[in-house]
Amino acid sequence: MGIRKLKPTTPGQRHKVIGAFDKITASTPEKSLVVGKRSTGGRNNTGKMTMRYIGGGHKQKYRIIDFKRNKDGIPATVKSIEYDPNRTSRIALLYYADGAKSYIIAPNGLEVGQTVVSGSDAAPEVGNTLPMANIPVGTIIHNIELRPGQGAKLVRSAGAFAQLTSKEGAYAIIKMPSGETRKILAACKATIGAVGNSDHGLEKSGKAGRSRWLGRRPHNRGVVMNPVDHPMGGGEGRASGGHPRSRNGLYAKGLKTRAPKKHSSKYIIERRKK
């Protein structure tokens with residue numbers, strides 16, 4: 001999976017860097033695994049705008065992803081690698097031996113025709129899902145559960161990976177992509193390998209219109225507003241705006257937002273790097 005830099009034939013093409021679609025093998029999704037998706041425009045159930053700068057965008061269909069991988073011991077063949085508008089990573093369509101179909105997040109190196117399997121007896125190979133108690137120390141993993149059977153919650157975006165560094169009793173010690181080291185129950189499942197489409201971070205939209213296609217409306221900075229609209233607004237000329245803070249006055253940088261008595265703090269061995 002590479003990237004394409006376009007020739008500067010127009011102002012919008014000049015800085016445009018987009019992902020290549022050479023690894024994608026299917027143009028339409030599996031109909032049985034697709035549901036309709038409504039856009040909110042940032043409004044809640046009463047029609048009040050609760051999230052600014054959201055609206056418009058291309059119509060999308062939601063692909064149902066199997067984050068639980070609970071069909072243990074049943075081998076599945078990778079039928080296709082597909083694009084998913086709802087996430088940065090690519091997805092893979094699996095055909096199980098018993099006739100079932102499902103989508104998974106496509107890890108790096110997963111090819112069409114490859115066989116993947118889940119369960120405690122699975123081999124620690126790319127695309128296979130197994131409890132962390134059965135994964136060798138030092139293995140690169142993604143799609144990590146926080147509670148057994150809950151489904152993958154961590155390390156799901158393009159190019160992300162974590163590392164299983166050691167095991168302590170009922171817990172596995174994981175080095176997260178953020179740099180944080182934390183304990184997770186070894187009974188939780190994880191998938192071997194890193195998430196694919198690792199060049200996603202190098203992409204540049206090139207023009208404002210591409211953001212509009214994604215449903216992102218123009219985002220204006222607080223420092224250009226008036227004092228009535230934002231704590232950082234006002235001033236003569238181009239005033240810097242003082243300490244960065246949100247629209248309701250909370251510090252945006254340097255203020256610790258994690259609850260001091262949060263129950264999961266006891267599982268964190270080393271906090272992420274600032």
Side-chain angles (χ1 to χ4, degrees), residues 15 17 40-44 48-55 57 86-89 140-147 150 152-166 168 171-185 188 190 194-195 197-208 210-212 214-274:
H15 300 291
V17 181
T40 63
R43 272 80 173 165
N44 66 5
K48 178 181 165 62
M49 183 190 283
T50 53
M51 293 289 289
R52 295 178 298 157
Y53 317 124
I54 294 174
N86 306 297
R87 60 194 73 249
T88 55
S89 56
I140 297 296
I141 55 175
H142 67 282
N143 270 14
I144 304 167
E145 290 182 330
L146 272 173
R147 296 184 184 90
Q150 184 187 31
K153 296 287 179 190
L154 308 174
V155 196
R156 306 191 328 192
S157 60
F161 62 88
Q163 189 173 24
L164 177 61
T165 55
S166 63
E168 282 182 16
Y171 290 92
I173 312 298
I174 309 293
K175 181 81 179 287
M176 304 299 290
S178 63
E180 178 179 291
T181 305
R182 65 164 294 149
K183 292 180 182 178
I184 299 176
L185 277 170
C188 293
V195 184
N197 196 23
S198 53
D199 290 328
H200 173 77
L202 304 173
E203 293 182 19
K204 290 182 183 175
S205 70
K207 63 179 185 179
R210 283 178 67 87
S211 290
R212 300 306 297 260
L214 297 174
R216 297 173 190 157
R217 295 182 61 229
H219 193 123
N220 49 324
R221 297 166 296 135
V223 76
V224 302
M225 297 180 190
N226 292 320
V228 69
D229 299 314
H230 203 282
M232 292 166 64
E236 293 294 320
R238 286 192 173 172
S240 66
H243 198 292
R245 56 180 82 213
S246 71
R247 194 170 189 171
N248 54 9
L250 293 174
Y251 279 169
K253 293 178 179 175
L255 180 73
K256 289 186 176 176
T257 55
R258 188 177 175 87
K261 295 181 179 178
K262 193 160 183 175
H263 71 94
S264 60
S265 295
K266 61 185 176 184
Y267 300 115
I268 297 172
I269 297 167
E270 188 183 348
R271 294 282 289 155
R272 63 187 173 88
K273 294 174 178 65
K274 296 287 189 288

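Basis for what follows: all heavy atoms, side chains included, without hydrogens, waters or symmetry-related copies. Residue numbers run from 1 in the order of the sequence given.
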Residues two or more places apart in sequence or in another chain: which of them pass ring pair (Phe, Tyr, Trp, His ring centres under 6.0 Å) with His243?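 Here the qualifying residues are Tyr251.
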Going by the rule ring pair (Phe, Tyr, Trp, His ring centres under 6.0 Å), which residues pair with Phe161 if we only count those two or more places apart in sequence or in a different chain?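 Partners of Phe161 under the ring pair (Phe, Tyr, Trp, His ring centres under 6.0 Å) test: none.
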Has the side chain of [X] got a donor or acceptor atom that lies under 3.5 Å from a matching backbone atom of [Y]?
X      : Y      : answer
Arg216 : Leu214 : no
Arg210 : Gly206 : no
Arg247 : Gly222 : no

If I take atom [atom1] from residue [X] and atom [atom2] from residue [Y], how far apart are they, to the nearest 0.5 angstrom?
X      : Y      : atom1 : atom2 : value
Ile184 : Tyr171 : CD1   : OH    : 11.0 Å
Cys188 : Leu154 : SG    : CG    : 9.0 Å
His142 : Ser157 : NE2   : OG    : 11.0 Å
Asn197 : Arg87  : CG    : CZ    : 12.5 Å
Ile268 : Lys266 : CD1   : NZ    : 12.0 Å
Thr50  : Asn44  : OG1   : CG    : 5.0 Å

Can you see which heavy atom on [X] is nearest to which on [Y], and at what distance?
X      : Y      : result
Ala162 : Pro177 : CB-CD, 4.3 Å
Met225 : Asn220 : CE-ND2, 3.5 Å
Ser240 : Val223 : O-CG2, 3.2 Å
Thr88  : His200 : CG2-NE2, 3.2 Å
Ile140 : Ala194 : CG2-N, 4.1 Å
Ile144 : Val155 : CD1-CG2, 3.8 Å

Answer whether the closest heavy-atom distance between the side chains of [X] and [Y] falls below 4.5 Å.
X      : Y      : answer
Met176 : Ile174 : yes
Leu146 : Arg182 : yes
Pro218 : Arg212 : yes

Excluding sequence neighbours, so at least two apart, what forms side chain to side chain donor-acceptor pair (under 3.5 Å) with Ser178?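 Per chain and number, Ser178 pairs via side chain to side chain donor-acceptor pair (under 3.5 Å) with no residue.
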Going by the rule side chain to side chain donor-acceptor pair (under 3.5 Å), which residues pair with Asn86 if we only count those two or more places apart in sequence or in a different chain?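 Scan of Asn86 (side chain to side chain donor-acceptor pair (under 3.5 Å), adjacent residues dropped) gives Lys37, Asp84.
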Counting only heavy atoms not in [X], do more than 12 sit closer than 6.0 Å to its [atom1] atom?
X      : atom1 : answer
Arg272 : CZ    : no
Arg147 : CZ    : no
Met51  : CE    : no

side-chain contact (heavy atoms from CB on, under 4.5 Å) with Ser265: which residues, sequence neighbours excluded?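 In terms of side-chain contact (heavy atoms from CB on, under 4.5 Å), with neighbours along the sequence ignored, Ser265 is linked to Arg258, Lys262.
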For Ser166, give me all partners under side-chain contact (heavy atoms from CB on, under 4.5 Å), at least two apart in sequence or on another chain.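 Ser166 satisfies side-chain contact (heavy atoms from CB on, under 4.5 Å) with Ile173 only.
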Using a 6.0 Å distance limit plus a 45 degree cone around the ring axis, check whether Lys183 lies over the aromatic ring of Tyr267.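 Checked: cation-pi criterion not met.
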